Every structure is written in structure tokens, then in C-alpha cells.
There are 2 protein chains.
Amino acid sequence: MSTPTARALEHPPLEEIRLEAVLHALSDPMRLQVVRFLADLGQGQEAACSAIELAVSKSTTTHHFRVLREAGVINQVYRGTAKMNALRRHDLDALFPGLLDTVLEAEAAQRRRTG
Amino acid sequence: MSTPTARALEHPPLEEIRLEAVLHALSDPMRLQVVRFLADLGQGQEAACSAIELAVSKSTTTHHFRVLREAGVINQVYRGTAKMNALRRHDLDALFPGLLDTVLEAEAAQRRRTG
DNA sequence: TTCATTGTACGACGACTATCGTAATTTGAC
DNA sequence: GTCAAATTACGATAGTCGTCGTACAATGAA
């Protein structure tokens with residue numbers, strides 16, 4: 001059968017996602033970079049952890065992805081040896097309309113400004 | 001004369017305000033409460049630190065106000081024995097259009113949802 | 001089975017954070 | 001000159017955070 005015992009990954013259900021945790025998750029440059037990357041992928045698209053090159057070690061990368069998942073910002077699922085990541089855009093938009101887009105736009109503005 | 005040697009307070013100039021610092025400043029419940037309070041005051045209005053009742057000690061309150069100021073979220077100025085606080089709404093809107101309002105709306109939504 | 005790929009677990013480290021209490025400072029009023 | 005009010009400074013403490021390296025585990029391919 002396909003993925004008989006796929007390792008489970010804890011995700012907060014919609015109603016347990018906290019604004020403070022989301023803001024905290026987004027307040028780190030590395031994690032913001034991850035979110036930007038996933039957003040640029042387009043609606044519903046996913047990417048492996050290894051697809052985005054962060055200037056930190058693998059274990060630190062794992063750490064950041066976990067923070068994002070536990071805050072409710074991304075969804076993670078095992079697919080073969082890879083772990084695929086996708087923004088929980090639908091959930092976030094339902095809870096905090098416009099927040100994700102505004103933060104992404106702010107990040108883009110800052111990048112434009114500071115190079 | 002009026003305020004000849006008003007104690008100076010360091011504020012980051014507009015171009016040094018960082019999105020990550022702003023998000024971090026807003027990711028604490030106490031500080032979010034302060035921002036909410038100042039926003040509800042209305043455009044350009046200011047309030048003393050003592051005007052908002054936080055469930056922490058006075059020194060901790062001082063700490064949170066400083067974090068907000070150093071992140072560029074609020075402007076602080078001494079006025080007599082008091083220290084007046086106001087949102088840097090104009091600056092924030094110029095740098096990150098819609099961010100403050102979206103976060104405030106998200107906070108309100110969460111408060112509505114979780115009581 | 002063997003191997004390469006992908007990511008995790010664990011332990012450690014230094015830095016930062018939120019909190020407190022007490023003592024000190026600044027200012028305006030009396 | 002005294003006093004009360006508002007806030008800060010300082011030092012402490014417990015906890016979290018971002019980072020690393022090494023060793024380990026899961027998966028799919030050869």
C-alpha cells in the first residue's frame with residue numbers, strides 16, 4: 001500500500017493557531033525567507049525542505065521548518081525521503097484575512113528598499 | 001523655557017525600521033495589547049505608560065514600551081513626569097502599507113473568536 | 001543488500017527575553 | 001525645600017532561541 005506508516009506530523013488545528021505565534025514565526029529572517037519561497041511557488045504548491053537553500057546547517061533548517069509548522073504557518077507531509085512543505089494559506093486567510101499577503105508585501109518592499 | 005533639557009529617547013529613523021523587528025515586537029501579547037490600546041486612541045493621539053494597565057510589574061511595562069520604541073512601532077516623548085506614547089502609524093504605513101491595520105484586525109478577530 | 005538522499009534526535013552553547021523587586025531619578029505641585 | 005507621582009536603572013533569575021555537529025533513521029534506487 002502507499003505510505004502505510006507515514007510518520008505523523010503534529011499540526012495545530014485551525015482554531016488553535018495563535019496570532020502571536022504566527023507573528024513570532026514570521027519574525028525570523030530565515031523563516032521569512034522560507035515563507036517567501038513557498039509563496040512564490042504559487043497557490044497550493046509544495047516544496048521539499050532541501051529545495052530552499054538557507055545559509056544555516058541542516059539541523060537549524062529542520063528547526064525553522066518545525067517552528068513554522070507548529071505556529072500553523074506551513075503544512076508538512078512526508079513524501080518518500082523528502083518532507084514537503086506548503087503554506088497554510090487557506091487557513092491563515094480564514095483566520096487573519098490579508099495578514100500573510102500584507103507581510104509578504106512588506107517583506108518585498110523592504111527587500112526593494114534595502115537591496 | 002519649556003523642556004530645556006528633555007531627556008532624549010532613541011528612535012530608529014524611518015529607513016532603519018526592520019520588518020523582522022516590528023513583527024517580533026508585535027508577537028508578544030503584552031505589547032500587542034499596548035499597540036491595540038494606542039490604536040484605539042485614534043489618529044495621532046498619545047497616552048502615558050501609566051494609562052494602560054498591563055498585568056505585569058512597572059519595570060516590565062517599561063521594558064515592553066522600550067522594545068516597541070526600538071523596533072520603530074511607537075514614538076515616546078517625555079512630558080512632565082510622564083512619558084507619552086503614540087503609534088508611529090504614518091511611518092509604518094509608509095514602510096509597510098496595511099501591515100499595522102491588518103495585524104490589528106487579526107488581533108481583533110482572534111479576540112472575537114476566543115473571547 | 002547496499003547505498004545515497006533526506007531529514008531527525010540529541011546535546012550543547014551563547015545570546016537574548018520576560019519577569020521581578022528595590023533603589024534611584026526626574027519633574028511638577030505645594 | 002518637600003513631597004508625591006511617574007518612570008528608569010540595576011541586578012537577578014528562569015526560560016526560550018538560533019545555532020551547531022554528530023550520530024541516527026527512513027526511504028527509494030541500484
Side-chain angles (χ1 to χ4, degrees), chain A residues 1-11 18 20-35 37-38 46-71 73-86, chain B residues 1-11 18 20-35 37-38 46-71 73-86:
Chain A
M1 31 198 145
S2 63
T3 59
T5 31
R7 291 158 281 174
L9 284 168
E10 287 282 318
H11 288 80
R18 300 282 308 168
E20 297 87 339
V22 171
L23 293 178
H24 174 251
L26 297 178
S27 74
D28 179 276
M30 295 293 168
R31 292 194 292 260
L32 205 45
Q33 196 180 329
V34 170
V35 171
F37 181 88
L38 293 178
E46 56 185 20
C49 293
S50 59
I52 172 171
E53 307 250 335
L54 294 182
V56 290
S57 74
K58 279 196 305 175
S59 29
T60 301
T61 298
T62 297
H63 162 70
H64 285 310
F65 274 100
R66 181 173 46 224
V67 171
L68 287 169
R69 169 170 48 86
E70 292 180 346
V73 177
I74 66 172
N75 202 288
Q76 297 191 289
V77 52
Y78 285 105
R79 185 112 57 223
T81 65
K83 188 191 223 170
M84 307 305 287
N85 306 274
Chain B
M1 29 196 148
S2 64
T3 58
T5 32
R7 289 157 285 173
L9 284 168
E10 288 281 317
H11 289 79
R18 301 282 309 169
E20 296 87 338
V22 170
L23 292 178
H24 174 251
L26 297 178
S27 74
D28 180 276
M30 295 294 169
R31 293 194 290 260
L32 205 45
Q33 196 180 328
V34 170
V35 171
F37 181 87
L38 293 177
E46 55 185 22
C49 293
S50 58
I52 172 172
E53 307 251 335
L54 294 181
V56 290
S57 74
K58 282 195 300 176
S59 28
T60 301
T61 299
T62 296
H63 161 71
H64 285 309
F65 273 101
R66 182 173 45 223
V67 172
L68 286 170
R69 169 169 49 85
E70 291 179 348
V73 178
I74 65 172
N75 201 286
Q76 298 192 290
V77 51
Y78 285 106
R79 187 108 61 218
T81 65
K83 188 192 224 171
M84 306 305 289
N85 307 274

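Every value quoted in this text rests on a predicted model; they were computed, and no experiment measured them.
A straight line from CZ of A/R66 to P of C/dA9 spans 7 Å, rounded to a whole angstrom. Counting to the nearest Å, the P atom of D/dA25 and the CG atom of A/L9 are 18 Å from each other. As rounded to whole Å, 12 Å separates atom C1' of D/dT7 from atom CZ of B/R69. The separation between A/E10 atom CD and C/dA9 atom C1' is 17 Å, rounded to whole Å. To the nearest angstrom, P of C/dG7 lies 10 Å from CD of A/Q76. Between B/L54 atom CG and D/dT7 atom P there is a gap of 12 Å when expressed in whole angstrom units. Rounded to whole Å, the distance from CE on A/M84 to P on C/dT5 is 18 Å. Taking atom CD1 on B/I52 and atom P on D/dT7, their separation rounds to 12 Å, with Å as the unit.
A search for side chain to side chain contact (heavy atoms under 4.5 Å, CB included) contacts involving A/V67 returns A/A25, A/R31, A/H63, not counting sequence neighbours. Contacts of B/Q76 classified as side-chain hydrogen bond (donor to acceptor under 3.5 Å, both in side chains), with partners at least two apart in sequence or in another chain: B/R69, B/N85. Under the rule for a side-chain hydrogen bond (donor to acceptor under 3.5 Å, both in side chains), A/R66 has no partner lying at least two apart in sequence or in another chain. Checked against side-chain hydrogen bond (donor to acceptor under 3.5 Å, both in side chains), B/Q33 has no partners two or more places apart in sequence or in another chain.
Of the side-chain N and O atoms in B/S50, one or more sit less than 4.0 angstrom from OP1 or OP2 of D/dT7. A close approach under 4.0 Å does occur between a side-chain nitrogen or oxygen of A/T62 and OP1 or OP2 of C/dT8.
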| What does nucleotides 14-22 of chain C look like as a protein-contact string, B for base, S for sugar-phosphate only, - for none, at under 4.0 angstrom between heavy atoms? | ---SSBBB-
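Sorted by first then second residue, the side chain to side chain donor-acceptor pair (under 3.5 Å) pairs that include residues 48-58 of chain B, not counting sequence neighbours, are B/S57-B/S59, B/S57-B/T60.
Proximity note for B/A82 (side chain, C-beta onward) versus D/dT7, C/dG28, C/dG7: the nearest is D/dT7.
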